[in-house]
Amino acid sequence: MENTAGTDVEMIIDSPPVVSIPQKKGKSTPHLCTPPKKQKRTTPIDSIPTDGNTGRETSQIWDHFAKFIAKGGKRRAKCNYCVKHFAAETKTNGTSVLWSHLNDKCLKSPFRFVDRRQTTLKVVPIKVGGQENGTSSIEKVVYNVEDIRRAIAEFVIIDEQPFKVVEGEGFKKLMAKALPNFELPSRVTVARHCLKIYQEEKEKLKKLVKNQHICITSDTWTSLQNLTYMVVTAHWIDDEWNLQKKILNFFQTPDHKGETIAKGIEACLLDWEIENLFTVTLDNASANDSAIKHLKALIDDWKGVILRNEFLHVRCNAHILNIIVKEGLDEQIEPISRIRNAVKYVKSSASRFASFKSYVEKTKLDTHGLLSLDVETRWNSTYTMLETAVNFEKAFARMYVDDHNYRKYCLQSELKGHPTTNDWQLVKGFIKFLKIFYQSTLKFSGSLYVTSNIFFHEFFNVRSSILKYSCSEDLILIDMAGRMKVKFDKYWENIEKPENLNMLLFIAIVLDPRYKMRYVNFILSKAYGFLLGKLKADNVEGVLKRLYNHYNYSSIETFTNNIGDDTNMMGEVDDILHSQWEKHLEDEENIGKKSELDQYLMDNVEKPKDFNILTWWKASSNRYPTISKMARDVLSIPVSTVASESAFSTGGRILDSYRSSLSPKTVEALICTQQWIRSPSKEWKVQDYLEEVQKIEEVEKECPGAPLSID
């Protein structure tokens, strides 16, 4: 049986076989190393049977001590690991001394708590001047046994390994070289360790989210096994003004209906004891509109409700951008289709790819990019394909002249042709237009920085670009921009309607000390004209003041609303009335003075070069105590559901065809724990991936017998 306990001790190399962990009766005695198998007791030469009892003693301590009667008729207990013995009279001596000896004092006990580390010997080469001189020395390696066990479990969790990896031949060889005396756990033990880590980390996270205003993102996904899963991710800014993002739950749900989604979110919040829900970001499926209505009804009486949940719903803005661009690219655009056809030819085989590379060399193109074929239903992949393809225009032209197979391929295609010079010029215009949407999508999808304060900028960048290209001289661009404008107006143009656009995303730019309300007034007047712009700005300022008043007076108002007609609370009513009277006097004395909000808006805007908005608010929280609370909540709003959608990538890898038998609870534990314990990741970019592939290709060239391409 393997040891699964949770405390470090020193291990003895080449210890005997193992059995169950000894525990002192009535007291939990943690151990890491399991004791040797219980061996049959033999009566020492100078001893006699104890009370004639040949069965198992009540306490497990007797697996490690043997009773005997010493000279003088006194009962003694001798340690099985050393020569020491102790008084063991049944009525006068307990087992505490024996346990203390076994765990703390016996130099030969495998359960002794010494330095809680295991040692092994390792042969290492001796280097002189950085070079090995052919000799070696023995080096003592000390390691923590429990740390290794936890590291193995974390390796399985973080790198999405199957539990059986610890029983694989390669892993055993690795551990035999690294730690030859370490006893590897079985797959069952590793699974148990993973679930234990999940429970430990969940308890830690519960303490972190307690009393915080939480924004959540949620999405649903169907696995390869046709099972529907739902993920809920929490976003908040902690007491040290650090942005936090943690997956709370990843669970099965019977369907995608709005009521089901709402109940799933409610169950998650109750499980985590979260009452202060600030916003919920969902994609634009109609079921999610229904989910928000049901959720508002479910949590209407929760104490953390802000302005009666008027601004609870945030639509995924990355999804809205996707809808807008797809509408513009919905109809087939022949220049794009011809370039896609040419790229498809090159990417269809290794020999064609190698031939194309020769044309790149012949035309002396100074580019290290790689061609990528798009997924036609994903416009961002189309943008990436076009952006890289235009760099190889000359290579494609040379291939069309020299490669008769390519010419034949072009003539036989539905489009009947090779990309022309005019096609490349038009596509360069498309790239310039689509780049605005692509960059905005990347900014909306950020997970390592706050995104609510960048929405205002990207909103007007996209709007002005669509209007600009609507007046283009190119008919294709005019048609594309016109169709995009229809979708833009549907989701974003009417900013006064909260069901279309959450006004808190406009408040976020006001809470950015580099811009404030003056910037909002300026941009809205430029975009909509003076009169309409002022009406929209007044609407933004009205929401800002309502939010400020809520944060400024919420504690008294909440308590007063809960008083009701209960006569038992008259003493508390008097206290509240007294507090309100003092507040009234304070307000009368402050007539003519500026409120904290007025002072913040009138103070000069910040103009630093390297500005971190969270650092600024942390330093200014004493100066603006109420507004800093607003900023802490509003800035934590995620403008897209990308954080939740990324969990489905992990879910798809964990729930592959070979591990589809994992229980839903195990799947949730693996996905959540991976995100909780892994190191903070960097933002992933397609260009980084392409550059990495290029480096791999260069390595392959250096290896004998390397393939001609990595296609």
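Please read these numbers as outputs of a predicted model, since none were measured by experiment.
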F459 and F506: aromatic ring centres closer than 6.0 Å?
yes

So which of I274, V231, L248 actually passes side chain to side chain contact (heavy atoms under 4.5 Å, CB included) with C268?
L248

Output for pair (I509 CD1, I454 CD1), nearest 0.5 Å, gives 9.5 Å

Distance check, rounded to the nearest 0.5 Å: L277 atom CG versus C215 atom SG?
7.5 Å

Okay, side chain of S640, backbone of F444: is any donor-acceptor separation there less than 3.5 Å?
yes

Would you call E273 and K210 a salt bridge, taking side-chain N to carboxylate O under 4.0 Å as the test?
no

Does any part of the side chain of R378, heavy atoms only, come nearer than 4.5 Å to the side chain of D374, both counted from C-beta?
no

Ring centres under 6.0 angstrom apart (Y198, W676)
yes

Go through it in stages, so that I can follow the logic: the residues are T441 and S445, the test is side chain to side chain contact (heavy atoms under 4.5 Å, CB included), and I'd like the CA-CA distance, side-chain angles, deciding distance and then a yes or no.
CA-CA 6 Å; T441 300; S445 304; 4.0 Å; yes

Salt bridge present between D289 and K293 (N-O < 4.0 angstrom):
no

Electrostatic pair D538:K545 at N-O distance under 4.0 angstrom
no

Heavy-atom distance under 4.5 Å between the side chains of F250 and V232, does that happen here?
no

Pair E327 + R483: basic N to acidic O under 4.0 Å:
no

Short side-chain to backbone donor-acceptor contact, N249 and F251, under 3.5 Å:
no

Any side-chain heavy atom of N317 within less than 4.5 Å of one from F455?
yes

Ignoring hydrogens and angles, state whether a donor on the side chain of Q212 or N276 is under 3.5 Å from an acceptor on the partner side chain.
no

Heavy-atom pair of closest approach, residues I158 and Q674:
O-NE2, 2.9 Å

Start with the C-alpha gap between L547 and M630, add the side-chain angles, then the distance that decides, and say whether side chain to side chain contact (heavy atoms under 4.5 Å, CB included) holds.
CA-CA 8 Å; L547 192 65; M630 292 168 52; 4.0 Å; yes

Hey, do the aromatic rings of W617 and Y600 have their centres closer than 6.0 Å?
yes

Walk me through whether V280 and H313 qualify under side chain to side chain contact (heavy atoms under 4.5 Å, CB included).
CA-CA 5 Å; V280 179; H313 188 195; 5.8 Å; no

Interatomic spacing from NZ in K245 to CD in Q675 - rounded to 0.5 Å
5.5 Å

Of all heavy-atom pairs between V634 and S452, which one has the smallest distance, and what is that distance?
O-OG, 3.0 Å

After noting the C-alpha distance and the side-chain angles of H235 and T217, does the key distance pass the side chain to side chain donor-acceptor pair (under 3.5 Å) rule?
CA-CA 8 Å; H235 307 255; T217 55; 3.1 Å; yes

Presence of salt bridge, E275 and K303, under 4.0 angstrom
yes

Closest non-hydrogen atom pair, L312 against F278
CD1-O, 3.7 Å

Are any non-hydrogen side-chain atoms of R518 and V605 less than 4.5 angstrom apart?
yes

Is the backbone N or O of K618 less than 3.5 Å from a side-chain atom of S621, with the two atoms forming a donor-acceptor pair by type?
yes

Hey, are the side chains of L505 and F456 touching, using non-hydrogen atoms and a 4.5 Å cut-off?
no

If every non-hydrogen atom of V462 is compared with every non-hydrogen atom of S440, which pair is closest and at what distance?
CG2-OG, 3.9 Å

Y551 vs I627, side chain to side chain contact (heavy atoms under 4.5 Å, CB included): CA-CA, chis, key distance, verdict
CA-CA 8 Å; Y551 278 83; I627 300 177; over 6 Å; no

Report the C-alpha separation of D603 and Y624 in whole Å, then their side-chain angles, then the decisive distance to 0.1 Å, and conclude whether the side chain to side chain donor-acceptor pair (under 3.5 Å) test is met.
CA-CA 11 Å; D603 287 345; Y624 307 112; 2.3 Å; yes

More than 12 heavy atoms of other residues, nucleotides or ligands under 6.0 Å from NZ of K206: yes or no?
yes

Taking the side chain as every heavy atom from C-beta outward, state whether V486 and K490 have any atom pair closer than 4.5 Å.
no

Can you list the steps and then say if D271 with K202 is a salt bridge (charged side-chain N to carboxylate O under 4.0 Å, His left out)?
CA-CA 11 Å; D271 177 38; K202 183 175 181 179; 3.0 Å; yes

According to side-chain hydrogen bond (donor to acceptor under 3.5 Å, both in side chains), who are the partners of Y519, at least two apart in sequence or on a separate chain?
H457

Quick one: closest heavy-atom pair of T382 and V375, and the distance?
OG1-O, 4.1 Å

With rounding to the nearest 0.5 angstrom, report the CG to CD1 distance, L298 to I265.
10.0 Å

Flag, side chain of N288 to backbone of A291, donor-acceptor distance under 3.5 Å:
no

Between T281 and I216, is any pair of side-chain heavy atoms under 4.5 Å apart?
no

Does NZ or CZ of K435 fall inside the cone over Y383's six-membered ring, less than 6.0 Å from its centre and within 45° of the axis?
no

Determine which pairs satisfy salt bridge (Lys or Arg N to Asp or Glu O under 4.0 Å) with at least one residue from residues 624-633, sequence neighbours left out, and list them in order.
D239-R632

Does the plane of the ring in Y229 sit parallel, tilted or perpendicular to the ring in W221? Use 30° and 60° as the thresholds.
tilted

What do the steps show when you test E606 against R514 for salt bridge (charged side-chain N to carboxylate O under 4.0 Å, His left out), and what is the final call?
CA-CA 5 Å; E606 299 292 326; R514 294 169 294 179; over 6 Å; no

Reported OG-to-CG distance for the pair S595 and D598, which is rounded to 0.5 angstrom:
3.5 Å

Among I466, D489, I323, side chain to side chain contact (heavy atoms under 4.5 Å, CB included) partner for M484:
I466

Please lay out, stage by stage, how T641 and D283 fare under the test side chain to side chain donor-acceptor pair (under 3.5 Å).
CA-CA 7 Å; T641 60; D283 68 25; 5.6 Å; no

Is F522 atom CZ crowded by more than 12 heavy atoms from other residues, nucleotides or ligands, each under 6.0 Å away?
no

Are E596 and R623 close enough for a salt bridge, meaning some N to O gap below 4.0 Å?
no

So, R546 and E310, do they make that salt bridge, N to O below 4.0 Å?
yes

Report yes if some heavy atom in the side chain of Y515 is under 4.5 Å from a heavy atom in the side chain of N453; otherwise report no.
no

Any Lys/Arg nitrogen of E259 or K263 sitting under 4.0 Å from an Asp/Glu carboxylate oxygen of the other?
yes

Nearest-0.5 Å distance that lies between atom CG in L511 and atom CG in L544:
6.5 Å

Nearest heavy-atom contact between P638 and T451 is CA-OG1, 3.8 Å

Are any side-chain N or O atoms of Y449 and backbone N or O atoms of K443, one a donor and one an acceptor, separated by less than 3.5 Å?
yes

